[in-house]
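Scroll down for the structure; my scribbles are underneath it.
Indexing begins at 1, ligand by ligand and atom by atom, following the structure's order. Just so you know, these numbers use all the heavy atoms, side chains as well, and skip hydrogens, waters and symmetry mates.
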Amino acid sequence: MGCSQPLRMGKHCFLRFTTMKLRDRLILSIASVLVLMTIILVLDVETMLTSSRSLLNSKVSIQSSRGRHTFIQRHLQKTTNGSRENGSFGINNKFNSNGMNSLDDNTHDEKHQRKEVNRHKFVDYDQPPTGAPQPQPKASPSSSTTPSPPPDPFTDLLSIVVKVEKINRRAKQKHRHWNPNLGELLGLELSSDSSLWDRFHLQIARDWLHPPRDKDPTVDLLLQHTSVQPIVKITQKEGGTQLKLIIEFADGGHALFKPMRFTREQQTLKNHFYFTDYERHNAEIAAFHLDRLLGFRRAVPCVGRTLNMTRELYALATGDLLKTFFISPDNNLCFHGKCSYYCDTSHAICGNPDQLEGSFAVFLPGKEAAPRKVWRHPWRRSYHKRRKAQWQVDESYCDLVRDVHPYSDGRRLLDVVDMSVLDFLMGNMDRHHYETFKMFGNNSAPIHLDHGRGFGKPFHDELSILAPLYQCCVIRQTTLKKLLGFQQRSDSASQSLSGRMRQSLSQDPISPVLWEPHLLALDRRLALILQAVRLCVEKADDPGTVVLDDFH
Ligand SMILES: Nc1ncnc2c1ncn2[C@@H]1O[C@H](COP(=O)(O)OP(=O)(O)OP(=O)(O)O)[C@@H](O)[C@H]1O
Ligand SMILES: [Mn+2]
């Protein structure tokens with residue numbers, strides 16, 4: 001019965017009325033709480049996204065460069081897949097799933113690794129010297145268990161390469177390419193009893209430091225020779241930031257020695273800049289193999305060798321260098337030499353107890369016989385902890401470079417792009433200068449030297465190294481063709497870029513030269529380079545302005 005009649009409006013009815021009001025109020029309050037919570041949630045997610053974005057921007061130092069921005073934007077929009085989870089494509093993945101904002105994919109891995117380091121703290125006999133960064137054991141193999149879709153074959157780029165090749169074939173037939181070597185220019189001929197050193201030096205040509213491997217065995221023989229030749233003299237190399245020795249062999253040959261400091265698993269310290277990063281002897285060796293696989297053949301041949309420090313270094317050291325040798329508390333023979341970075345007792349290079357691994361880069365011909373010219377790299381970084389280089393803030397920086405000799409015509413801009421491809425694959429940010437042989441004139445290939453700071457961050461892809469490529473949007477047709485060849489075979493364990501590198505490096509005396517994650521990074525970065533080229537082609541009116549055949 002209702003309370004509609006005023007007469008019946010007694011106490012009972014009033015109570016029912018109050019009860020109903022209370023229920024309504026309760027429902028109302030719950031509803032408003034729900035609405036409020038929804039608003040808060042929406043606001044929170046939005047704030048998180050905004051701050052993540054700005055953090056992402058600062059962390060990966062996204063420059064105002066439109067090319068790079070577009071490049072990164074594209075990656076952010078890509079749906080992720082297994083093979084990309086370790087790379088910068090992984091930004092998307094992390095960003096979405098965890099609300100995290102780092103380009104560095106090692107966050108997870110390093111956490112995992114740090115745990116591992118602690119766990120193995122008392123069984124790790126391979127500790128670096130005191131005060132040095134701690135080694136990090138292998139990353140979790142979880143990424144390899146993620147099923148990955150077949151790799152993008154980039155057939156669009158392949159058809160452009162074929163077209164460019166066809167168009168230029170006739171022009172190429174008319175054009176006689178001049179590629180003299182030092183022997184020809186110096187009027188010196190090789191004879192059957194010429195040493196391997198002379199063979200290497202006199203065959204250095206305008207286009208490359210060494211001829212193709214299948215055409216001439218000199219480099220392989222010389223590396224093998226360098227790894228066993230008796231050492232008769234050592235001197236510290238003047239200049240440069242970190243310790244290196246000039247080694248003289250019994251047969252009169254020379255090599256530049258860079259010592260091992262840390263184990264293969266050691267990554268660049270998170271708070272170190274590229275210019276304070278320790279040099280890695282194995283990076284020098286790996287860079288030579290990578291450069292050769294890419295078909296550049298512009299890197300100085302380099303091989304690993306384990307020295308007996310007592311007999312092969314200490315016994316030969318003299319003067320100031322000798323004074324830096326000592327026996328560590330752990331009874332290992334150590335020395336530190338003199339240089340501007342890391343040449344003191346707390347950064348000493350120590351044997352185990354006197355066995356020391358190092359890289360041996362065969363010496364180029366003397367400067368008297370074949371003088372070299374040193375060029376400032378147009379995409380040089382600032383080498384200052386707070387400053388940026390112009391190319392990092394100027395979106396049309398390439399236009400400036402294109403106006404300047406020797407980038408305004410000839411091969412050099414394409415060489416700089418080749419260098420950026422090589423450096424991006426190995427994560428080398430330390431390309432401040434490069435050298436050429438004066439004798440070949442300005443239209444000669446640059447020499448790829450100094451790769452000790454490559455292969456430091458296997459879980460991070462430093463896209464800015466590709467700036468010459470995505471800011472100028474040009475690439476040599478032969479380079480692109482080579483890269484596409486590796487990409488087409490990227491799901492083959494032996495024929496992918498990582499597979500070919502693994503195979504090539506297995507021939508070195510200090511194999512395994514690289515920690516496995518560095519090899520896997522190569523395949524991931526290869527796809528990123530091709531993606532950058534694709535974006536350039538999409539932006540261009542004519543793909544023939546991006547993919548260039550300069551007859552090299
Ligand atoms: N194989 C070589 N043959 C002859 N000269 C070499 C060789 N390797 C390096 N050099 C010379 O030594 C210089 C220093 O070598 P490298 O760049 O590897 O050492 P670095 O300590 O990293 O130098 P920097 O700190 O100046 O970058 C090079 O610029 C080059 O001129
Ligand atoms: Mn250097």
Side-chain angles (χ1 to χ4, degrees), residues 182 196-198 200-204 208-210 218-219 222-223 225-227 229 234-249 252-261 268 272-289 291-292 297-305 336-343 347 349 358-377 380-384 419 422-423 426-439 446-456 465:
L182 285 181
L196 285 168
W197 302 98
D198 285 345
F200 166 55
H201 289 164
L202 296 181
Q203 289 191 84
I204 292 175
W208 28 253
L209 270 188
H210 37 98
T218 303
V219 165
L222 185 57
L223 290 180
H225 181 78
T226 304
S227 69
Q229 256 298 291
I234 63 164
T235 35
Q236 202 184 320
K237 181 153 186 359
E238 298 289 315
T241 52
Q242 293 183 41
L243 179 116
K244 42 199 172 307
L245 302 175
I246 298 173
I247 304 281
E248 189 177 320
F249 297 105
H254 291 85
L256 192 71
F257 170 79
K258 290 194 180 182
M260 167 171 169
R261 280 184 181 273
T268 299
H272 269 216
F273 289 97
Y274 42 89
F275 52 88
T276 55
D277 190 11
Y278 291 93
E279 295 211 298
R280 287 167 286 274
H281 69 305
N282 59 329
E284 293 281 3
I285 303 165
F288 157 69
H289 286 257
D291 170 273
R292 181 166 65 172
R297 286 178 279 106
R298 295 171 208 151
V300 179
C302 191
V303 67
R305 172 169 174 172
H336 56 71
K338 278 193 171 165
C339 61
S340 49
Y341 279 23
Y342 311 127
C343 278
H347 297 99
I349 291 139
S359 63
F360 286 70
V362 300
F363 244 55
L364 295 168
K367 290 198 173 166
E368 320 71 46
R372 305 197 293 268
K373 183 168 174 159
V374 180
W375 305 76
R376 193 179 186 279
H377 194 289
R380 182 184 195 268
R381 287 169 197 275
S382 83
Y383 290 80
H384 185 285
M419 248 188 282
L422 174 71
D423 286 338
M426 63 174 149
N428 177 31
M429 300 168 79
D430 189 33
R431 189 69 76 181
H432 41 92
H433 290 87
Y434 64 87
E435 300 180 24
T436 56
F437 285 101
K438 284 187 179 164
M439 224 173 283
I447 307 165
H448 294 169
L449 270 174
D450 190 11
H451 306 116
R453 287 179 175 134
F455 297 103
I465 302 173

For this session: May I ask you to decide if the ring planes of Y434 and H377 are parallel, tilted or perpendicular, using 30° and 60° as cut-offs?
Result: perpendicular

Side chain or backbone of [X] under 4.0 Å from ligand 1, or both, or neither, by non-hydrogen atoms?
| X | value |
| --- | --- |
| L449 | side chain |
| K258 | side chain |
| V300 | side chain |
| L364 | both |

Exercise. How about R431 and H451: does a side-chain donor come under 3.5 Å of a side-chain acceptor?
Worked result: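 There is such a pair (donor and acceptor under 3.5 Å, judged by atom type) between the side chains of R431 and H451.
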
For this session: With atom 20 (P) of ligand 1 as the reference point, say which of K244, Q242, K367, H451 has the nearest heavy atom.
Result: K244

Problem set entry | Element-labelled atoms of ligand 1 that are located less than 4.0 Å from some non-hydrogen atom of V362 |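 The atoms of ligand 1 under 4.0 Å from a heavy atom of V362 are 1 (N), 2 (C).
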
Seminar exercise, completed: Quick note on ligand 1: atoms under 4.0 Å from a heavy atom of H432 include exactly 27 (O)

Exercise. Does any N, O or S atom of E279, backbone or side chain, fall under 2.8 Å from the Mn ion (ligand 2)?
Worked result: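 False for E279.
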
Exercise. Within 45° of the ring axis of F455 and under 6.0 Å from its six-membered ring centre, is that where the NZ or CZ of R280 lies?
Worked result: no

For this session: Indicate yes or no: does an N/O atom of E435 lie under 3.5 Å from an N/O atom of ligand 1?
Result: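 In this structure, E435 places an N or O atom under 3.5 Å from an N or O of ligand 1.
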
Exercise. So is there a nitrogen or oxygen of E284 less than 3.5 Å from a nitrogen or oxygen in ligand 1?
Worked result: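 No: no nitrogen or oxygen of E284 is under 3.5 Å from one in ligand 1.
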
Exercise. Would you call H433 a ligand 1 contact, heavy-atom distance under 4.0 Å?
Worked result: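 It does not; every heavy atom stays at 4.0 Å or beyond.
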
Problem set entry | Any E279 heavy atom less than 4.0 Å to ligand 1 | yes

Exercise. Atom CZ in R305, atom OG in S359: separation rounded to 0.5 Å?
Worked result: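 Separation between the atoms: 12.5 Å.
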
Exercise. Ring centres of Y278 and H272 under 6.0 Å apart?
Worked result: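 Yes, they do, as the ring centres are separated by less than 6.0 Å.
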
